[in-house]
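Naming convention: chains lettered A, B, ... in sequence-line order (proteins, then strands); numbering from 1 in each chain. Excluded from the calculations below are hydrogen atoms, water molecules and symmetry mates; all remaining heavy atoms, backbone and side chain alike, are included.
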Amino acid sequence: MLDQRFDPQSAEGRIYERWEEAGCFRPSGDTSAQAYSIVIPPPNVTGVLHMGHALNNTLQDILVRFERMRGKNVRWQPGTDHAGIATQMVVERQLAEAGGNESRTSLGREKFIDRVWEWKEQSGGQIINQLKRLGASCDWENERFTMGDRHNPDDQMQEAVRKVFVDLYNEGLIYRDKRLVNWDPHFQTAISDLEVENRDVKGHMWHFKYPLAGGETYTYVEKDEDGNVTLEEERDYISIATTRPETMLGDGAVAVHPDDERYAPIVGKLCEIPVGPKEHRRLIPIITDDYPDPDFGSGAVKITGAHDENDYGVAQRNKIPMYRLMDDRAQMRTDGGSYEAAASKAKAIAAGEVTASAAEVDALNLVPEAYRGLDRYEARKQVVADIDADGLMIEIEEKLITQPFGDRSGVVIEPMLTDQWFVKAEELAKPAVEAVRSGETKFVPENWAKTYYNWMDNIQPWCISRQLWWGHRIPAWFGPDGTIFVAHDETAAQAKADGHYGKPTELVQDEDVLDTWFSSALWPFSTQGWPEETEALKQYYPTSVLITAHDIIFFWVARMMMMGIHFMDEVPFHDVYIHALVLDEKGQKMSKSKGNAMDPLELVDEYGADALRFTFARLAAQGRNIRLSKGAVEGYRNFTTKLWNAARFAEMNGCEFGHALTPGELKLPLNRWIAAELGKAAGAITEALEAYKFNEAADALYQFIWNVLCDWYIELIKPVMNGEDETAKAETRKTCGWVIDQTLKLLHPFTPFVTEALWEQTEDESRAREDFLMVQDWPAFGDAWANAEAEAEMAWVLDTVSEIRSTRSVLNVPAGAQISASLIGASDKVKAWAKENETPIKQLARLGSFTVTEDKPARAVTIASGDETVALEILDVIDPAAEIARLDKEMGKLQKDITGTEKKLANENFVAKAPPEIVEENRERVTEWTATLAKLSSAREQLASFS
RNA sequence: GGGCGGUUAGCUCAGCGGUAGAGCACUACGUUGACAUCGUAGGGGUCACUGGUUCGAUCCCAGUACCGCCCA
């Protein structure tokens with residue numbers, strides 16, 4: 001006997017273990033079956049399960065379980081990525097908290113990395129266990145880690161990364177360059193654009209005078225829209241607005257828009273940077289470029305190519321030198337020679353007297369001694385104060401400014417010109433874009449392809465080097481003169497170098513490691529054994545679908561596409577399903593800092609994994625975000641309870657589970673009907689899942705289980721079960737058990753635990769379940785169970801019961817009253833239905849009698865529909881006014897419908913141009929409504945005559 | 001500034017050319033041997049606005065307003 005309700009807490013862990021022990025998560029390996037593979041978007045090894053993961057993996061698990069049941073050879077590839085910065089941060093923090101004297105630097109690179117591995121082995125990857133709590137049926141025996149295996153120097157995951165780097169380098173698609181990157185002063189490494197969060201913060205805009213060289217003057221004229229002069233004055237300066245005064249020291253030019261007439265007189269002249277020792281102030285040219293917006297600030301922009309993204313572009317276009325001002329900690333430089341020496345060299349460069357390489361320019365430290373060693377914000381204060389003291393400050397504006405923050409460190413990112421390794425993403429992007437355009441890879445919903453194109457079409461060189469210790473060390477070695485030797489390993493590099501130099505030469509390996517995403521980009525094939533040509537690779541690459549959220553299109557989809565196509569000659573996935581973001585009840589993004597984050601595991605604890613999973617599925621409509629509330633999860637927990645109790649009822653009534661059934665065996669309309677309904681539901685669910693319409697599949701299940709199976713079928717079979725007809729009982733027991741069996745299968749991908757528990761606990765002693773529900777065949781009925789006759793009959797029964805119930809309720813007939821009802825004017829077929837279903841109709845509508853007659857009882861309330869009428873003998877127990885009100889309301893509605901439809905039919909254009917079946921449908925409606933209206937009208941007259 | 005999306009019942013959202021739907025909330029009634037984590041019934045909508053296409057528009061097109069998100 002089943003318990004009163006399902007207890008997720010005690011059942012889930014046990015069931016999951018049994019699946020795992022039985023090897024249910026393993027691919028069948030059956031090469032004759034169609035392969036179906038998904039690679040998990042690998043979560044950070046430091047990660048903890050958040051709502052996004054929970055949704056993402058629930059959807060993957062639904063698909064994977066569905067396809068497994070359909071007999072496919074399924075691999076759901078799990079694993080984690082090594083998360084360079086995040087992991088290094090965790091271990092560094094641990095060292096600090098330990099309170100000893102150990103730190104990353106005191107340990108040194110090798111020992112520190114050992115510590116990271118130890119951490120990874122002991123406490124990393126807790127998210128994996130959290131995924132198991134959700135029910136994720138990943139192929140855990142094949143779990144992968146982007147850093148591979150610590151103890152195996154020939155590790156294939158590392159091998160794959162090395163090979164990709166070396167190959168791309170040899171093909172000219174990886175190069176080393178000095179470019180502006182996002183520098184994180186806290187972690188002292190470059191980070192990706194995508195790890196930078198731009199936020200609006202309160203800031204200042206300082207307006208300064210840059211005096212013209214040699215005391216020159218010009219007439220500055222401002223005009224309004226109509227060309228009227230609004231300001232005209234002589235100036236010996238150009239006004240520059242900046243939010244970052246400390247970077248003035250590295251200015252290489254002042255730029256104005258070529259069409260800006262205000263500054264036309266001074267373009268090509270020089271102006272002075274108004275800071276630093278007066279005798280060594282630098283002069284910089286006033287140039288034109290399209291970048292400055294004449295309507296913003298003064299319209300003149302200072303150009304600091306080494307510390308600003310936009311300025312970098314201007315400087316590149318106009319060959320303006322880019323002077324780096326800060327060190328790795330974003331403090332003003334202390335290296336190099338004196339300011340005086342640097343400034344005089346810079347002047348010479350500016351005057352075109354000498355040329356300098358980028359490295360020579362970079363070596364110049366243009367920070368005056370007074371500012372050296374200051375933090376960038378301290379330097380800013382000083383610079384502002386010094387300029388102000390000089391009388392060259394015009395004004396300070398308070399305003400919101402957009403600043404870049406490191407998403408891990410939370411500090412302001414410093415754009416900085418540094419030497420880094422880059423991938424020519426613009427090259428690799430071409431075939432990756434083409435693959436989507438040609439439909440080889442499809443986005444679902446397809447509008448996300450636009451986002452993909454937009455990014456890919458504007459893709460920047462991908463900076464892949466990171467100044468970290470934890471990660472794949474870049475396989476590049478430098479000779480004493482800086483020559484680069486890229487090779488698979490040190491021996492190979494050494495051989496190259498010795499050849500190059502003609503003698504044994506000492507090499508130093510690049511200190512940097514690769515961006516974590518560099519190795520993640522290989523995930524769809526590296527996890528399957530590449531570069532070996534493994535059986536797994538043949539079977540499971542390309543993968544069937546990648547499931548992810550839109551905010552990760554750039555991280556995942558784009559990079560995997562580029563690498564997959566380049567190295568495998570085939571796209572890494574056929575479909576990319578982009579799911580919703582999980583928002584809180586108010587539609588806000590969940591975040592720790594806002595404090596509105598919900599913990600999926602808490603919800604699992606409270607309501608069970610199934611409830612959370614079903615909630616996600618039902619809310620996962622394409623193209624919409626999900627607002628999650630506890631109430632929703634509770635509601636779907638109730639749904640699982642409902643199903644549980646339906647099974648419990650079946651069990652109590654001796655229903656038989658675990659057997660086959662064929663359409664020919666069924667004689668009772670209600671059994672034929674529920675089988676037909678099940679068939680329709682199964683078709684809808686399958687179709688929806690094939691189209692990634694998780695919400696529609698979940699909806700079909702919810703409706704079938706609650707509104708059809710529980711609300712009607714179980715109610716309808718109660719009279720059978722309590723009756724005397726043993727043949728009918730036997731058929732119904734068999735049908736009911738079978739329908740529930742099939743329902744469990746259909747629901748299993750969504751709520752694996754409760755369905756598996758029911759499967760296990762509803763077995764008969766005589767017919768023990770042979771295997772898990774999880775490995776049963778997916779119900780595929782086609783239209784084998786369709787039965788128009790039974791469906792029509794039961795539709796009539798349901799309709800009749802509903803009408804009687806509604807009328808009783810509206811007229812306030814006591815719920816317990818057993819009233820008499822009769823059916824009048826019915827066709828022979830309907831009469832037969834009425835007799836056949838007398839007992840269930842009586843029971844469900846709470847009738848004392850339900851008879852078929854030709855004579856309408858005198859004092860009865862009429863329920864009319866088309867030809868037939870149901871008369872309820874309740875006139876004596878109700879308020880006639882209530883009945884008149886009911887009739888008036890119904891008649892009013894009917895009259896309105898009839899008038900509207902008649903008008904439509906009177907329109908010649910409608911009759912001529914609308915499809916004939918639509919016209920016919922409308923005609924039939926009018927006929928039926930008119931008949932009904934007539935009957936209601938006569939009933940009303942009669943009623944009036946009584947009272 | 002560029003791009004994407006949204007606006008349907010009190011709330012959260014489906015639907016997307018042919019009589020407006022669900023869940024929750026609400027109201028009334030109800031413990032009938034599966035389930036009160038429940039049942040039965042009911043109320044509630046000019047489908048943001050303005051034009052257009054069409055026999056017919058919540059649905060397609062154009063524009064307007066407001067609200068999100070992403071990128072600069």
Ignoring hydrogens and geometry beyond distance, is the side chain of E715(A) in donor-acceptor contact with the base of A34(B) at under 3.5 Å?
yes
Do the side chain of K450(A) and the base of C4(B) come within less than 3.5 angstrom through a donor-acceptor pair of N or O atoms?
no
Name the nucleic acid region contacted by R5(A), choosing base, sugar-phosphate or nothing; use a 4.0 angstrom heavy-atom cut-off, strictly under.
base
At 4.0 Å (heavy atoms only), tell me whether A914(A) reaches a base, stays on the sugar-phosphate, or touches nothing.
base
Is there a side-chain polar atom (N or O) of [X] under 4.0 Å from OP1 or OP2 of [N]?
X       : N      : answer
K718(A) : G33(B) : no
N638(A) : C35(B) : no
R627(A) : C13(B) : yes
K889(A) : G43(B) : yes
T641(A) : C38(B) : no
W706(A) : G39(B) : yes

Check for me whether R618(A) meets the cation-pi criterion with Y636(A), that is, NZ or CZ under 6.0 Å from the six-membered ring centre and within 45 degrees of the ring axis.
no
Could you check whether R199(A) makes a cation-pi contact with F405(A), meaning its NZ or CZ is under 6.0 Å from the centre of the six-membered ring and within 45° of the ring axis?
yes
Taking the nucleotide of RNA chain B with the closest heavy atom to each, which residue, R805(A) or R925(A), is nearer the 5' end?
R925(A)
Using the closest heavy atom to pick a nucleotide of RNA chain B for each, name whichever of C710(A) or F639(A) lands nearer the 5' end.
C710(A)
How long is the line joining [atom1] of [X] and [atom2] of [N], in whole Å?
X       : N      : atom1 : atom2 : result
E920(A) : C55(B) : CD    : P     : 21 Å
Q818(A) : U32(B) : CD    : P     : 13 Å
L619(A) : C13(B) : CG    : P     : 9 Å
H550(A) : G68(B) : NE2   : C1'   : 11 Å
E634(A) : G23(B) : CD    : P     : 16 Å
Q460(A) : C71(B) : CD    : P     : 14 Å
N645(A) : C38(B) : CG    : P     : 10 Å
K904(A) : U54(B) : NZ    : C1'   : 13 Å

Pair E715(A) + K718(A): basic N to acidic O under 4.0 Å
yes
Looking at every heavy atom in both A757(A) and W644(A), which two are closest together, and how far apart are they?
CB-CZ3, 4.2 Å
Who pairs with E690(A) by salt bridge (Lys or Arg N to Asp or Glu O under 4.0 Å), at least two apart in sequence or on another chain?
R70(A)
